[in-house]
Each structure stands twice: as C-alpha cells, then as structure tokens.
Amino acid sequence: KRQLHQELASVLPQESGVDIGYREHPTIRLAFSSEEAERLRSAPSALGRDDPVARWLEGQALWEVEPRLSRDVFGGLVCDKAQVMAYPFVLALAEAAERQRMELRHGEVVGLKSSGGRLTGVQLRQGETIATETVVLAMGPWSQQVAAWVELKIPVSPVRGQLLELQVPGPQLQTALSYDGNYLLHKADGITQAGTTYERDSGFANYPTPEGLEAIMNAALQMAPSLESAQLVNHVSGLRPASGDSLPLIGPIPGWQGLYMVAGHDRKGMGLSLISTRIIADLITEGRSPLPIEIFDPARFVPCSIMASS
C-alpha cells in the first residue's frame, strides 16, 4: 500500500502540475495508562507484526520524538507513515487523467442499462445514456442506491466525521498523534488537522456541530496541551462509507458482466485508494487479481439460496 503511494508521489506532481503534499513522518499511537499500553502492545499490528520498524517508547525518549506531546502520556507505539493532502491528491489525479486524453464528465447517474445480463451503458438524470461495457461503481456512502439497479443488498451507510483545521504558532508537530480514534497531523500546507468524530447515526446530515468541535478540541488538548493557543481556521465535516461488516467491497457485481464496485472503505479510503484501484484494474484487464481479495467480494452479501440457484 505505502509503496504504491511512494511510486505515485514520485511522478504524479510532474504529470499533473499539482503538489499533492506527500510527506513521510513518524506516527505515535498513544497510551495514557498501563492498561492501555498493554492493549496497544498486544494488538496484532503492534511491534513489528504489521510494521517492521514499529517501536515502543516511553518518557523522555518519546518526548524527544514529539516535544509537543503531553507529559501525561504513559507511552507510545511509534511507526513510520505517510500522508497526502486529500483535495490536491484528487485534483492531481483528475488533471493527470485529462492530460492523458481521458474525458471527465459531471452528471448524476440514475440507472444502468443491460442486455442479457451484460452491461451496455449508464443512464443519466437528463435522459442521456452513455454506452459502455465496463463500469466501476465508486459511490461512497451513496452506494446503497445501487441496490435498486442490480438487485443486490449493498450494506454501506454514511458515517459523519468532523475535522478541525488549526493554525498553530511556534514549532509545529513533528509527528502524527493518534489516540482513541482521534488524531493530530501537521499538513504540508501549514495547517494542523485535528479529528475526528465518528457519528453512525448522522445519516446524510453533512454539517459540523458545536458538539463535534468540543469533542475534537478536548481530544487534541489531551494529546498536545500546548495547542491551546492554536487558532481555529476551519471546521468541516464529511461522510464516510461504512460497510455492514467493516470490510470494503471490492470486485465484480454478481449477475452482471462488466460491472464492478469499490466502496465501504470507511476511515481508510485515502490510504487504500491506490491498492483498491489496482485490484479493480487487474480484474478488468486480466480477469483476476494476484492478491487474496475473496473477503472483499461484494457477492458475500448475496443470500446463499440465491447463489445456489444462480
């Protein structure tokens, strides 16, 4: 996953003319008690089982890695991660695609056309049908709308996440900090991001709230109390696509030739974007992926009785 981002970061800015803000940096997963430390260190992803350079640090050794870190922290798991700026990253991909003579169109898809079980086109709101034999459905939290088109249950629901953008005076964070679903991250554009809420009952209500602001700031100050002097620049929200079993849906739609889905990545959409699209590209061009992707198959949500009769 990270290798794909490294490879793309070396060419995408030149191919698009857009700085995506790619940066590599340490990330510290924090524990504020010995009990939290034990759970963190025993997690399957801890201490080299997922990241070979992960290391556990406490006290002065940890504060040397991140001077702004709270002195109330018991310890932290430090590993190397990378980041991009979300909007410039998507903009760069679009710009690079257009420079490769790909056509980007804007419109609302309201249905699919098929003949004999094979995809023949997509229908737009204004009545136009775009003829095509291959479609990738990448509809985020709106993926459940596909159910009416393909007669397949798509258990993907919106989860609202709120985010603060802060202007921090003085020395900036040298690492990303993570604790209990919250994080602090200094971006390449000079802004420090503080997040995030995880609101499963939000529906499609995509707007920030005072409660979200308070919760995020409390978590940020717990991790780095010196951010008390930070200036709030922006308070935004977005909708994540969460699947019914917490795993993405990546693969062909059963019963259709030429129809694929990429959805349900929840918090990990940006990080998993490249590997997900690589999988789909392999399925389209080669008919298979070299990776073990069975657990992501959208067909897992088809009732067994239907699968047996098909």
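All figures in this text were calculated on a predicted structure; none of them were measured in a lab.
- Using a distance-only test at 3.5 Å, with no hydrogens or angles considered, a donor-acceptor pair links the side chain of Arg2 to the main chain of Asp80.
- Contact between Ile253 and Pro298 at its shortest, heavy atoms only, is CD1-CB, 4.3 Å.
- Connection of Ile275 to Val136 is established within a shared hydrophobic cluster, with ILVMFWY side chains joined at heavy-atom distances below 4.5 Å, either directly or through further cluster members.
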* To do: Go through the steps to decide whether Gln167 and Ile191 satisfy the test side chain to side chain contact (heavy atoms under 4.5 Å, CB included), and finish with yes or no.
  => CA-CA 6 Å; Gln167 192 74 56; Ile191 292 294; 3.7 Å; yes
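- Of the candidates Asn206, Thr209, Thr197, Asn206 is the only one forming a side-chain hydrogen bond (donor to acceptor under 3.5 Å, both in side chains) with Ser237.
- If you take NE2 on His235 and CE on Met217, they are separated by 11.0 Å, rounding to the nearest 0.5 Å.
- Rounding to the nearest 0.5 angstrom, the gap separating the CD atom in Gln193 from the CG atom in Leu173 is 12.0 Å.
- Counting only residues at least two apart or in different chains, salt bridge (Lys or Arg N to Asp or Glu O under 4.0 Å) contacts with residues 290-299 are absent.
- You'll find the side chain of Leu291 stays beyond 4.5 Å of the side chain of Arg278, heavy atoms only.
- Within the structure, ring-ring contact (aromatic ring centres under 6.0 Å, His included) pairs that include any residue of residues 113-154 comprise Trp142-Phe204 (at least two apart or interchain).
- For Glu199, the salt bridge (Lys or Arg N to Asp or Glu O under 4.0 Å) partners at least two apart in sequence or on another chain are Arg160.
- Distance alone, capped at 3.5 Å, places no donor-acceptor pair between the Asp282 side chain and the Arg288 backbone.
- Trp63 meets the ring-ring contact (aromatic ring centres under 6.0 Å, His included) test with no other residue; sequence neighbours excluded.
- Rounded to the nearest 0.5 Å, atoms CG (Leu93) and CD (Glu98) are 12.0 Å apart.
- Looking at Ser289, its side chain never comes within 3.5 Å of a backbone N or O of Ile279 through a donor-acceptor pair.
- Checked against salt bridge (Lys or Arg N to Asp or Glu O under 4.0 Å), Asp19 has no partners two or more places apart in sequence or in another chain.
- In this structure, CG in Leu137 is found 8.0 Å from CD1 in Ile154, a value given to the nearest 0.5 Å.
- Of all heavy-atom pairs between Gly140 and Pro241, the closest is C-CB, 3.4 Å.
- A 4.5 Å side-chain heavy-atom check between Leu283 and Pro252 finds at least one atom pair inside the cut-off.
- Considering Arg23, Lys187, Glu24 as possible partners of Gln83, the one that fulfils the side-chain hydrogen bond (donor to acceptor under 3.5 Å, both in side chains) test is Lys187.
- Evaluation of the side chain to side chain donor-acceptor pair (under 3.5 Å) rule for Gln172 yields His186 as partners, not counting sequence neighbours.
- Looking at Thr120, its side chain does come within 3.5 Å of a backbone N or O of Lys113 through a donor-acceptor pair.
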* To do: Walk me through it: do Tyr198 and Asp266 pass the test side chain to side chain contact (heavy atoms under 4.5 Å, CB included)?
  => CA-CA 10 Å; Tyr198 194 81; Asp266 205 343; 2.4 Å; yes
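- Atom CE of Met270 is separated from atom NE2 of His5 by 8.0 Å, given to the nearest 0.5 angstrom.
- The heavy-atom pair separating Thr132 from Val122 by the smallest distance is CG2-N, 4.5 Å.
- Nearest heavy-atom pair across Gly21 and Ala188 is CA-CB, 3.7 Å.
- No donor-acceptor pair under 3.5 Å is formed between the side chain of Thr175 and the backbone N or O of Leu177.
- With Glu36 contributing its side chain and Phe32 its backbone, the two residues share a donor-acceptor pair below 3.5 Å.
- Salt bridge status for Arg300 with Asp245: present, with a side-chain N to carboxylate O gap under 4.0 Å.
- Across all their heavy atoms, Leu30 and Tyr179 have their closest contact at O-CD1, 3.3 Å.
- Side-chain atoms of Ser276 never come within 3.5 Å of backbone atoms of Ser273 as a donor-acceptor pair (strictly under, hydrogens ignored).
- Arg39 and Glu35 are not joined by a salt bridge, as no carboxylate oxygen comes within less than 4.0 angstrom of a charged side-chain nitrogen.
- Checked options Arg240, Gln162, Arg267; the residue passing with Thr196 is Arg240 (criterion: side-chain hydrogen bond (donor to acceptor under 3.5 Å, both in side chains)).
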* Would Glu228 and Leu221 count as a side chain to side chain contact (heavy atoms under 4.5 Å, CB included) if you check the C-alpha gap in whole Å, the side-chain angles of each, and the deciding distance to 0.1 Å? -> CA-CA 7 Å; Glu228 187 175 18; Leu221 294 177; 4.0 Å; yes
* **CA sep, side-chain torsions, deciding dist, call: Arg68, Val168, side chain to side chain contact (heavy atoms under 4.5 Å, CB included)** => CA-CA 11 Å; Arg68 280 191 175 268; Val168 178; 3.5 Å; yes
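- Minimum heavy-atom separation, Phe74 to Glu58: O-CG, 3.6 Å.
- Separation of atoms OG (Ser10) and CD (Glu15) is listed at 9.0 Å; rounding is to 0.5 Å.
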